[in-house]
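Worksheet: one structure, shown below.
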Amino acid sequence: MKKLDKYILKQFLGTFAFTLILILLISVVFDISEKIDDFYKREAPLNAIISEYYLNFIIHYGLLFSALFTFLAVIISTSKLANNSEIIAIINCGLSIKRLLKPYLIGAVIIAFISFYLNNWILPSTNQIRLDFEQEYIFSKKNERYKNIHRQIKPNHYIYLESYNIKKQKGFRFSYEIFEEQQLISKFKSDFITWDTEREEWLAENFSLRILEIDGEKIKKGQSINKDFGFKPEELVYQKNSTNLMTLPELHKFVKKEQIKGSQNIHFYFLDLFQRYSNPLTTFILTLIGFSVAIHKKRGGIGVNLVYGFGLTTLFILFQKISITFTTNSNLNPLIAILLPNIIFGLFAYYLFRKAEH
């Protein structure tokens, strides 16, 4: 049986590697055809195009669709065995379908483990390199100035900036308000704040501090003061998908810090965190669905299995997106939003497998 397991595992992983390489190469060709004018106009160096963009492009999209590539590999390799009547011969030798699933699960474990590690420790740095290249040679330059920034630094502590320049690390018309039982007790205002990299503090210019007390208020004014407001420049402006540039330990620390602050975007951060842990589960569910769909020989061969399987996978992905949309637009718990599609389709995958056994 060990030889059979090795044979099936080799077929499965070989098909996975072939499918992965083939689809990614096609994606690269299409991407080159779309962006070649940008590379030429902005004089992107060839070595940067290869090493900084397309190498990281392959890593990003390979990991993004690893579960789908696993599903395709299961469908193709299992359908091939079924069409060659090898599965019938194996079952006639007394081997159960449940036992036949073992090498596929081993392959899924290998793929899921490697993907989990690369997604959470390698991909963030490669994403940063790829995105920097895109900003330099494909898209317009990054927006360096952001306006009307409202942030909650910690419970009851709020800051506001009329504008902020990322490159200069300088803000205009800054205010820091502290509330207690919904009553304003302190307000710090400054025309300009600039980050002092040596002191790791903010230099506030033309400032005023207003403290409200029971017996009146105190006002303090000055030309400049160095002050630690409890936040750093990188915490002022979060780029879209900025959590994708964090390793798993960094994301955990970031989410914990944002939770303490009472961030309004905490749902998005929890979604990203939980999704990273659920990706391996998705790989196993799609493996079981693909195996159950392709285990029996069908009159249409691999094509019918692929169409049927793709229909189920499309529903799975669609349900995941709907569930995520619910949590971003309502009070649905992010953990439930991530787990619900996996639980429902996990049960459906089990139903398909039990049906395939009979």
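Remember, it's a predicted structure, so these values are computed and weren't measured experimentally.
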| Geometric cation-pi criterion, Lys189 with Phe174: 6.0 Å, 45° | no
| query | Is the count of non-hydrogen atoms from other residues, nucleotides or ligands lying under 6.0 Å from Phe179 atom CZ greater than 12? | reply | yes
| query | Can you hop from Ile88 to Leu100 via hydrophobic side chains spaced under 4.5 Å? | reply | no
| query | In terms of heavy-atom contacts, does CD of Glu213 have more than 12 from other residues, nucleotides or ligands at under 6.0 Å? | reply | yes
| About how many Å separate OG of Ser278 and CG of Leu339, when rounded to the nearest 0.5 Å? | 7.5 Å
| request: Assess the side chains of Gln169 and Asn165: does a donor N or O sit below 3.5 Å from an acceptor N or O? | output: no
With a 3.5 Å cut-off and sequence neighbours excluded, list the donor-acceptor pairs that the side chains of residues 345-357 form with protein atoms.
residue, atom, partner, partner atom, Å
Arg354, NH1, Glu357, OE1, 3.0

| When His60 is tested against each of Asn119, Thr126, Asn127 for side chain to side chain donor-acceptor pair (under 3.5 Å), which residue passes? | Asn127
| said: Are Phe12 and Phe16 an aromatic pair, judged by ring center distance below 6.0 Å? | reply: no
| message | Can you tell me if Ile266 has over 12 outside heavy atoms packed within less than 6.0 Å of its CD1? | response | yes
| request: Verify the distance criterion only: is there a donor paired with an acceptor across the side chains of Asp132 and Tyr137 at less than 3.5 Å? | output: no
| task | Any chance you could measure Ile26, atom CD1, to Asp31, atom CG, to the nearest 0.5 Å? | result | 13.5 Å
| query | Does a donor on one side chain sit under 3.5 Å from an acceptor on the other, for His157 and Tyr176? | reply | yes
| remark: Closest non-hydrogen atoms of Pro341 and Phe316, given as atom of the first, atom of the second and distance, are O-CE1, 3.6 Å
| request: May I ask you to decide if the ring planes of Phe65 and Phe69 are parallel, tilted or perpendicular, using 30° and 60° as cut-offs? | output: perpendicular
| Can you say whether the rings of Phe254 and Tyr269 are parallel (under 30°), tilted (30 to 60°) or perpendicular (over 60°)? | perpendicular
| task | State yes or no: are the ring centers of Phe57 and Tyr61 separated by less than 6.0 Å? | result | yes
| message | In this structure, would Leu25 and Leu68 fall into the same cluster of hydrophobic residues linked by side-chain contacts under 4.5 Å? | response | no
| field | Test ring-ring contact (aromatic ring centres under 6.0 Å, His included) applied to Tyr164 and Tyr146, step by step | value | CA-CA 5 Å; Tyr164 178 71; Tyr146 290 81; 8.0 Å; no
Could you list the donor-acceptor pairs under 3.5 angstrom formed by side chains in residues 77-86, with sequence neighbours left out?
residue, atom, partner, partner atom, Å
Ser77, OG, Ala73, O, 2.6
Ser77, OG, Val74, O, 3.4
Thr78, OG1, Val74, O, 2.6
Thr78, OG1, Tyr104, OH, 3.0
Ser79, OG, Ile75, O, 2.6
Ser79, OG, Asn305, ND2, 2.7
Asn83, ND2, Ser79, O, 3.3
Asn84, ND2, Lys80, O, 3.2
Glu86, OE1, Tyr7, OH, 3.3

| request: Measure across Pro249 and Trp121 and return the closest heavy-atom pair with its distance rounded to 0.1 Å. | output: CD-NE1, 3.7 Å
| field | Donor-acceptor under 3.5 Å (Ser66 side chain, Ser115 main chain) | value | no
| task | Please answer whether the main-chain N or O of Ile225 pairs with a side-chain N or O of Trp202 as donor and acceptor at a distance below 3.5 Å. | result | no
| Parallel under 30°, tilted from 30 to 60°, perpendicular over 60°: which one fits the rings of His150 and Tyr160? | tilted
| Taking every non-hydrogen atom, the tightest pair across Leu271 and Ile324 | CD1-CG2, 3.8 Å
| query | When you check the side-chain N and O atoms of Asn342 and Thr282, is any donor under 3.5 Å from an acceptor? | reply | yes
